[in-house]
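Both backbone and side-chain heavy atoms feed into the values below; hydrogens, waters and symmetry mates do not. Throughout, protein chains are lettered first and strands after them, A, B, ... in sequence-line order, and every chain is numbered starting at 1.
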Amino acid sequence: MRVAVQSAAFDLGAEVAAFTDSVIGAGAVVTFTGIVRPDGGLTAMEIEHYPGMTEKAISDIAAQAVARWALADALVIHRYGSLKPGEAIMMVATAAPHRADAFQAAEFLMDYLKSRAPFWKKEIRAQGEAWVAARDEDEAALRRW
Amino acid sequence: MRVAVQSAAFDLGAEVAAFTDSVIGAGAVVTFTGIVRPDGGLTAMEIEHYPGMTEKAISDIAAQAVARWALADALVIHRYGSLKPGEAIMMVATAAPHRADAFQAAEFLMDYLKSRAPFWKKEIRAQGEAWVAARDEDEAALRRW
Amino acid sequence: MIEVLYFAWVRERIGVPRERVETTAATVADLVAELRGREDRYAAAFADTSALRVALDQGLADFDAPLAGVREVAFFPPMTGG
Amino acid sequence: MIEVLYFAWVRERIGVPRERVETTAATVADLVAELRGREDRYAAAFADTSALRVALDQGLADFDAPLAGVREVAFFPPMTGG
């Protein structure tokens, strides 16, 4: 299980290939990649985080997922700092013997990362800046687990 | 939307990277990769398919997913022939504005590919060969859509 | 004249991947009954049609589907892709 | 003496990312009441605590949680990761 919180870009293809190659024994690998959408003239997305707590919160969430779905492995990479539209913000990968477990664990990780990992997004536009508000549906998504 | 049915191996990392780069505008990319598990001394997995119908069936399924979840794009690669444990059998990728759509579309594609695309798997072991039987739970999985 | 294809263990039991069949069968079920009567290997392959699936011109169909206008019929076990 | 951290718009309203606070507050809510009384910028940041989250020593907590033994308190809006 690897958790990385970093400002640097990551190489999505290389990460997915390395993760998948490393889990021979699993039959199913699911990945999720979050990308900055160029909505409404967005020029940048600034991501603030809580160093120390971030790594701990994500590691706790990932360990829960590994235990609950008997995952062969899990990977979380999450960036902070200033990102441009089209750049990858974060990714998760899960590996399990069967597809249902890999899918569920990846969705669980995403639901928790959205609402329980200490990151805050700010949208930068020519017209001004605005913090992204938490969505009720993201909080609601947690209740299914 | 791309559908590839091929005997050749595919470069998972390169496919995921190219797919993700090509869909700027989407905020969420989900991928699933199916891998031959080395269960119980498996030496090879032979995958037979129905040329012509396979491409048509997968294209139909992918078009349904694109329409139903308003996907930015979808990709399906499925191999046939003789594969060794650890080799990737197939992958799907989906891109959507939000994560729930990308996850659901990927799971829908997988459920349909499992039971409605004309592929048949045969497990080769030192002790002998056996066709993989369809699982009731795979048929049941279709009913949720 | 109809093209009949077999896949997976159906192909293995019948011993050929495809063949042209002269038939006036009105439905898939009628064709299956004809084939069953031919030789033991067909009877073995079609012993339990609940374990089989059929496609007409490369689209999934039911065993009571009519064969009128159909050029290609395929018989195979439930699919195991993905 | 307790280390108090602020993130996102809480940090912007208060104007500093962290500070050391001399306090005898028994709970998070008591600490918030103290801070609110300090200056307008604190009153503005803590106007509606239902819009805020709190972490004690880097773990999420409730506003009625006790502060005994806590070294680090962080205030921030609901998280928006992923």
Side-chain angles (χ1 to χ4, degrees), chain A residues 3 5 32-37 45-62 76-80 83 88-92 106-123 128-142, chain D residues 1-21 27-29 31-32 35 40-82:
Chain A
V3 170
V5 179
F32 176 90
T33 309
I35 302 157
V36 180
R37 275 179 288 128
M45 178 79 87
E46 282 179 10
I47 301 173
E48 181 171 338
H49 80 121
Y50 184 170
M53 179 171 169
T54 314
E55 293 77 359
K56 188 155 50 166
I58 298 178
S59 296
D60 284 353
I61 292 164
V76 178
I77 303 174
H78 203 303
R79 295 176 64 191
Y80 58 87
L83 280 73
I89 303 171
M90 51 79 64
M91 69 167 289
V92 307
E107 292 196 63
F108 167 87
L109 283 173
M110 285 309 304
D111 285 349
Y112 270 82
L113 286 169
K114 279 271 168 190
S115 305
R116 291 293 181 272
F119 290 101
W120 300 273
K121 293 197 188 102
K122 190 189 220 178
E123 296 176 336
E129 307 180 348
W131 290 99
V132 172
R135 303 188 312 166
D136 288 345
E137 64 216 81
D138 285 331
E139 193 61 33
L142 284 181
Chain D
M1 202 68 129
I2 207 162
E3 191 80 15
V4 184
L5 283 71
Y6 310 109
F7 292 99
W9 57 254
V10 182
R11 172 181 55 71
E12 291 178 335
R13 283 192 198 171
I14 290 175
V16 295
R18 62 194 301 154
E19 58 188 331
R20 297 181 74 91
V21 174
T27 67
V28 175
L31 175 62
V32 167
L35 292 170
D40 284 353
R41 58 196 171 103
Y42 291 95
F46 290 108
D48 175 14
T49 51
S50 76
L52 293 181
R53 300 289 179 268
V54 62
L56 300 183
D57 289 332
Q58 308 191 349
L60 286 173
D62 293 320
F63 279 80
D64 57 5
L67 287 181
V70 169
R71 285 167 302 175
E72 187 172 299
V73 178
F75 295 102
F76 41 77
M79 294 155 274
T80 55

| Side chain of W120(A), backbone of P77(D): donor and acceptor closer than 3.5 Å? | yes
| Between E3(D) and E72(D), is there a donor-acceptor pair closer than 3.5 Å when you use the side chain of the first and the backbone of the second? |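 No; judged by distance alone, with no hydrogens or angles, the pair does not exist.
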| request: Go through L113(A) and M90(A) one step at a time and tell me if the side-chain contact (heavy atoms from CB on, under 4.5 Å) criterion holds. | output: CA-CA 10 Å; L113(A) 286 169; M90(A) 51 79 64; 3.7 Å; yes
Pick from [options] with the largest number of heavy-atom pairs that fall under 4.5 Å of chain D:
options	result
G34(A), A57(A), A117(A)	A117(A)
E46(A), R135(A), K56(A)	K56(A)
K122(A), R79(A), M110(A), E139(A)	K122(A)

| task | Would you mind telling me which of V132(A), I89(A), I58(A) makes a side-chain contact (heavy atoms from CB on, under 4.5 Å) with F119(A)? | result | I58(A)
| query | F75(D) pairs by side-chain contact (heavy atoms from CB on, under 4.5 Å) with which of V32(D), I14(D), T49(D)? | reply | V32(D)
| query | Does any heavy atom of chain A fall under 4.5 Å from the side chain of A55(D), the backbone, both, or neither of them? | reply | side chain
| Tell me, side chain or backbone of R53(D) under 4.5 Å from chain A's heavy atoms, or both, or neither? | neither
